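Below is one structure; the comments refer to it alone.
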Amino acid sequence: MATYQRQYYLDWLRIAAIIGVLFYHSAQPFVPEEHWHIMNGERSNLLMEFNYMLSKFRMPLLFFISGTVSFFMLKKYGSGKEFIKQRFIRLFLPLVAGMLIIVPPQVYLERVANGYTGSFLDFYPSIFRFQPYPEGNFSWHHLWFIAYLFIYDIICVPLFLWMMKDGKNGLNKLAAWLSTNKRIYLLALPGILLFASLVLRFPFKNNLIEDGCAFFYWLWFLLVGFFMIVHPSLLDSLERNRKTSMLMALLLYLTVNYIRWNNISPWDTYPDNTASYAYTYLYLAITPAIAWSMVMGLVGYGKKYLNRKHSFLNYGNEVLYPFYILHQTVIVIIAFYVVQTEEGILAKYLFIVLLTFITCMALIHFLVRPNNALRWIFGMKPVNKAPKQVQHNATIIEKNTALIVGIADLRNSAADQ
């Protein structure tokens, strides 16, 4: 079994992915033909293209990295039972708390933007009817990622443990074979085929019930991430092939945009019975191919240039999860007022990004981090304050002991005199 050390580049990539989510969601109010929670009157085709580019790989990268995190957690806790317990605490409980506390303001402001006139206190009891959004007001909104990750980790524990067996499952030989030449890209094929064959029938909804394509599409990124961290030779292959990966991503982006911008997509070419043509499925395959190329390229370049320890990483890793939980609610609140102004789109967008970042970081740093109850809601480990108190008491005892010894010495000196 290989020796597993902390992979700092994965921490840096995860931070970058969450920052990407901030830029993505901040642009949503300005995207044409979008029906987001809060929409600006004027729209931007450039921000639409920006979000189109980000949408292809931001969540795949997060799921890939989540697979590696699951591995390190299993290594740390040593058993599937303890792993499940920790995922329940870190994922399920914050999900429930988020659906009851963090998400409702998003739904409320969306209702207000569409004509609702009641107060938030009038609105809030409606979520306990548990009628799913959009017909009702009960939703997990952006927290769908946490819900899916929790389910994946729970159902995959037996598979994870089997994959971690040292040379007893034949995966070592498979990993060694895949890590040579360009075979690493074979790991992308199942995801590409799954997406292209199912996405028309099961469009992405992130509601779990009707997500027959997305559920398995995201899962494959997580499983490959887990598989690669178990067999580091695969990650070494990503590093060696990083240029190929990014070149493929660039060419695929150029291809899909040429098709879109020149109105020769399957829906333009075959407006009737689009699903009957092979061209449709070739076109659909471009999206997951971009995702896998970008993920493999970013991980490869990250491993090459970002595998460096920095004092910021401990703080960044701690605040990243609560930042993700908070960010969209803060964006919706800010955007609700910003879209009512007469400023230009760029000024509005940059204002939302900057103020959201500052607000989230301030709330986390000054309110969430020092409070164990809030840390629990946001999936953070509780702060153990006992050692500080013990150290403080020890210091007092040490000072008092020194004082007593000093007094005793004075008395002895006086007696001698």
Side-chain angles (χ1 to χ4, degrees), residues 7-28 50-73 87 90-92 94-95 98 102 140-154 156 160 187-188 191 194-195 204-206 208 211 213-229 235 238 245 249 287-288 290-303 306 313 316-328 331 356-357 360 378-380:
Q7 306 296 303
Y8 296 107
Y9 67 95
L10 295 174
D11 295 327
W12 289 115
L13 288 175
R14 183 167 50 176
I15 291 171
I18 296 299
I19 295 299
V21 170
L22 167 64
F23 281 100
Y24 178 88
H25 285 144
S26 296
Q28 284 293 85
F50 176 70
N51 270 14
Y52 180 83
M53 178 185 70
L54 281 180
S55 69
K56 296 295 173 282
F57 67 90
R58 61 187 179 88
M59 297 312 298
L61 180 60
L62 281 176
F63 276 113
F64 181 95
I65 295 174
S66 296
T68 69
V69 171
S70 297
F71 166 78
F72 283 113
M73 288 192 67
R87 297 319 261 166
R90 296 291 303 278
L91 294 175
F92 183 75
L95 172 65
I102 305 300
W140 52 40
H141 273 35
H142 66 295
L143 303 183
W144 70 267
F145 169 70
I146 299 174
Y148 278 48
L149 182 56
F150 173 72
I151 294 171
Y152 292 156
D153 278 348
I154 298 304
C156 289
F160 288 161
L187 286 171
L194 185 147
F195 182 96
F204 283 34
K205 294 186 177 181
N206 298 329
L208 192 62
D211 237 9
C213 177
F215 183 85
F216 296 101
Y217 179 67
W218 303 129
L219 175 60
W220 187 245
F221 283 101
L222 181 134
L223 290 177
V224 171
F226 191 98
F227 180 50
M228 286 192 177
I229 202 69
L235 294 171
L238 292 187
S245 298
T287 289
I290 289 175
W292 279 103
S293 299
M294 285 295 297
V295 168
M296 289 181 168
L298 289 171
V299 173
Y301 272 99
K303 189 174 186 302
L306 298 178
L313 277 181
N317 283 326
E318 184 183 33
V319 302
L320 201 61
Y321 188 28
F323 185 93
Y324 178 82
I325 293 174
L326 269 178
H327 83 279
Q328 184 165 300
I331 288 173
T356 297
F357 181 80
C360 288
F378 287 94
M380 302 171 72

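Quantities reported herein were computed from a predicted structural model and do not represent experimental measurements. For this chain, numbers begin at 1 and follow the sequence in order.
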Discussion item. Please report whether the ring centroid of Tyr301 lies less than 6.0 Å from that of Tyr9.
Written reply: no
Practice prompt. Please round to the nearest 0.5 Å and tell me the distance separating atom CE of Met228 and atom OG1 of Thr68.
Written response: 11.5 Å
Practice prompt. Write down the atom of Pro288, the atom of Tyr217, and the distance for their closest heavy-atom approach.
Written response: CA-OH, 3.4 Å
Practice prompt. Any chance you could lay out the ring pair (Phe, Tyr, Trp, His ring centres under 6.0 Å) test for Phe160 and Phe71, step after step, and finish with the verdict?
Written response: CA-CA 8 Å; Phe160 288 161; Phe71 166 78; 9.4 Å; no
Practice prompt. Please say whether the positively charged group of Lys56, taken as NZ for Lys or CZ for Arg, lies over the ring of Tyr52, i.e. under 6.0 angstrom from the six-membered ring centre and within 45 degrees of the axis.
Written response: yes
Response to the item:
Residues Ile65 and Arg14: closest non-hydrogen pair is CD1-N, 3.6 Å
Practice prompt. State the CZ-CG distance between Phe57 and Leu298, to the nearest 0.5 angstrom.
Written response: 6.0 Å
Worksheet item: Any side-chain heavy-atom pair from Leu13 and Tyr8 closer than 4.5 angstrom?
Response: no
Worksheet item: Would the Phe204 and Trp218 ring centres measure less than 6.0 Å apart?
Response: yes
Worksheet item: Does the side chain of Asn206 come under 3.5 Å of the side chain of Tyr148 through a donor N or O and an acceptor N or O?
Response: no
Quick one: side chains of residues 17-28, donor-acceptor pairs under 3.5 Å with protein atoms, not counting sequence neighbours, listed by atom name and distance.
unit_1, atom_1, unit_2, atom_2, d
His25, ND1, His327, NE2, 2.8
His25, ND1, Gln328, OE1, 3.4
His25, NE2, Gln328, OE1, 3.3
Ser26, OG, Leu22, O, 2.8
Gln28, OE1, Asn51, ND2, 2.8

Fill in: Gap separating the CG atom of Asp11 from the CG atom of Leu306, nearest 0.5 angstrom
10.5 Å
Practice prompt. Determine, stepwise, if the pair Asp153 / Arg87 fulfils salt bridge (Lys or Arg N to Asp or Glu O under 4.0 Å).
Written response: CA-CA 8 Å; Asp153 278 348; Arg87 297 319 261 166; 2.8 Å; yes
Fill in: Ring centre gap for Phe64 and Phe221 strictly below 6.0 Å
no
